[in-house]
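Letters A, B, ... are given to chains in the order of the sequence lines, protein chains preceding strands, and every chain is numbered from 1.
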Protein chains: 2
Amino acid sequence: MSLLLKNTENYGNVYIEEGRIAEIDCEPYDSDATINAAKRALVPGFVNTHTHAAMTLLRGYADDLPLLTWLSEWIWPLEAKMTGEDIYWGTKLACLEMIKTGTTTFNDMYWHVLASANAVDEMGIRSVMSNVLIDTGGESGGGGGGDRAVQKETERLTRRLRSDYSSRVIPALGPHAIYTVSEESLAWAADFAREKDLLVHIHVSETEKEVSDCIEKTGLRPVEYLDRIGFLGPNVIAAHCVWLNDSEIALLAKHDVKVSHNPTSNMKLAVGRTMDYPRLSRAGVNVSVGTDGCASNNNLNMLESAKFASLSQKASANDPTMLPARDTLAMITKNGAEALRIGSGEIKEGAVADVLLIDLQLQEMVPLHNLDSNLIYASHGCVDTTICAGSVLMEGRKVAGEADILKKASEVAHDLAGRR
Amino acid sequence: MSLLLKNTENYGNVYIEEGRIAEIDCEPYDSDATINAAKRALVPGFVNTHTHAAMTLLRGYADDLPLLTWLSEWIWPLEAKMTGEDIYWGTKLACLEMIKTGTTTFNDMYWHVLASANAVDEMGIRSVMSNVLIDTGGESGGGGGGDRAVQKETERLTRRLRSDYSSRVIPALGPHAIYTVSEESLAWAADFAREKDLLVHIHVSETEKEVSDCIEKTGLRPVEYLDRIGFLGPNVIAAHCVWLNDSEIALLAKHDVKVSHNPTSNMKLAVGRTMDYPRLSRAGVNVSVGTDGCASNNNLNMLESAKFASLSQKASANDPTMLPARDTLAMITKNGAEALRIGSGEIKEGAVADVLLIDLQLQEMVPLHNLDSNLIYASHGCVDTTICAGSVLMEGRKVAGEADILKKASEVAHDLAGRR
């Protein structure tokens, strides 16, 4: 299967073959399919390194509440009632929104992962997928190594994710956080991930309470604790990382842990401060961007989250030169792709062809003094065409089957809310 | 001229006559025009209380720079070369973007105001318009009352704005700031505005430097200084108001000054802190929202600025309940309309018919657990139909003449950049 992007504004003709960018600024070769890309700019697909896709079902369901009320009275009770069918449609809706806004890969952590994987497989998008691993210290399988039943279920789901789906579904582990997973299961997850060459997706230091609780329990701060139990490594995606001190940043850098910055969610939930991008960046840590789930954002729009990232860093550092447009765009493309090891994230020959065509004929993209600036600061609805693994998922803003997804997801969400 | 909005999702049939909402949830009366509003929600048009519309021409021209470099080396030199023709096309582009994103009224301050007024009149939008008044103490007209030539030109432009344009063009005064206008001209502007019943649009306390410079020069903080010279009143729209102390907030409340909060611009330019909404709100001050110009935002999307307002206040107060969706929506509708005295801002019989139909069939508007939340937090591109003064400016996202505006504005902007 080959695809010619004809006459892009910034790279001329681009030839895609077998899911990769084969040639840039080339002759208009014969190809299985051709897209006229005139007046459109080619950019890498966006990579969302932290989300809970099916939480689209809870978009707008409970906002503007104190954190604990929000979680314990609104979100958790409804999550407990979600079925695989709910999560399938919630993930379909999420994939639709991501395709519309230019995300070609997302790093997901949620319940009923096989239902989500079905949705991802059908929608043609790429996803690093983990089932939430929560293990409150119970030992249903006996022995002293954490909850073996939870671990065994994780092993089973990982096998299924690897065997039953396309290569766009990338299995990973999702130990939720240090305060919801036992030390034994955290250590088990780290070992299992190394053995099976899996990414590990975890929430780290989102709130100050997580830090003070960890110190009280272990005498260590969260990243120090994760270091002590041998959890940290280059395959770990640590979401949030808001409350770090210098020694924790040094540990993240030493172990090449990847950090997912979630500025919109952090501001909306008022986690108390802005993630320290300048220090993480100076330490050489790979920082990418996540939207978090729709209950705490409330969308999956990576360009919007990128603007929040850049502006919140400028405000926090009191420096308008902080996190300029070019670097912010790299965070949502190259950095994310490196963190998730997917081979995309740059427009270059040999790169995986997860790419977008950007509509330059939109009012907020005019004038075009600077494409990076317009993408990050001006427009969040400028993606015209979304291509993942060389396949066209959206062209001219049309996605196959979208009306049906909206209808079904809406029905499922309202039915779910009624179960409360 | 009458217009029937048939079967809106939230108000049933709505009948508009002579530019006002005549009846809500009514029979489907015969009317000059009818719009099928099924699956669309009716909301008031958004009111942008601080912008410099024609700065669309500088969108993305210079970003991520230190404030003084940005202004003195990039923005001011180019502004000095702008012609009325440039500003006409820049304002056309701005009006197009505002219509597309649901703004029906904006409070503008820029050069060549008559060129902007031509654009506003043609585009059908509503605008409170002021020419920038800068008076550095020169006295070209002689005497001790400030620069009489600048004042006379302001009088002339005000007369022209009042006599030569539709009633959607609302003349106002635009003394730029305390550090760019002499005390005499500030006092003159206040008197002239009272005499002619005009709104006054001014930048106040955007940066800490403005405060320290004012204290050094006058012994007073900016709002205290404006109070002392008799400038403050209910007709004053004070943009930014970031650096206020309690006594200044009390003065703003006492004089019923209207405050325009510009969260996106404040973060992007790193003005050093977040405007103190909680205190202004508790003091009873009318706070609305502005986008500021496109060189410092870089768009005119009020729903995006509303999200920045809500989230930055939550983050700043460390409280996720701060500025909930409902109040934020009121800031960009009711509060703005009150500040600009335009009679719109609410869906009620008798209100000026500056209204929008919101597309509920978009992926980021699904599910519809809460319309206010979806508008403020989830979607910035959901405006389907824009109506100003009872006239339809956009229906189904199509605006008359948009391709031509994009082409001309783009040409003008690139030509302007070449003059540097």
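Taking the six-membered ring for Trp, B:His240 and B:His261 have ring centres at least 6.0 Å apart.
Heavy-atom distances place no part of A:Asn301 under 4.5 Å from chain B, backbone and side chain included. If you measure heavy-atom distances from A:Ser312 to chain B, the contacts under 4.5 Å come from both the backbone and the side chain. Heavy-atom distances place both the backbone and the side chain of B:Leu406 under 4.5 Å from chain A. Heavy atoms of B:Asp319 lying under 4.5 Å from chain A belong exclusively to its backbone. Neither the backbone nor the side chain of B:Glu411 comes within contact range of chain A; no heavy atoms are under 4.5 Å apart. Residue B:Leu58 touches chain A through its backbone alone, counting heavy-atom pairs closer than 4.5 Å.
Between A:Arg397 and A:Glu402, no side-chain nitrogen of the basic residue sits less than 4.0 Å from a carboxylate oxygen of the acidic one, so the salt-bridge criterion is not met. Contact check on A:Lys314 versus B:Asp64 returns a salt bridge, with a Lys/Arg side-chain nitrogen under 4.0 Å from an Asp/Glu carboxylate oxygen.
Here the CG-NZ distance, from A:Leu393 to A:Lys100, works out to 12.5 Å after rounding to the nearest 0.5 Å.
Inspection of the B:Ser265 and B:Asn297 side chains reveals no N or O donor paired with an N or O acceptor under 3.5 Å.
Put simply, of A:Ala315, A:Ala378, A:Ala325, the one with the most heavy-atom pairs under 4.5 Å next to chain B is A:Ala378.
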Please lay out, stage by stage, how B:Leu78 and B:Tyr61 fare under the test side-chain contact (heavy atoms from CB on, under 4.5 Å). CA-CA 10 Å; B:Leu78 221 58; B:Tyr61 170 68; 3.4 Å; yes
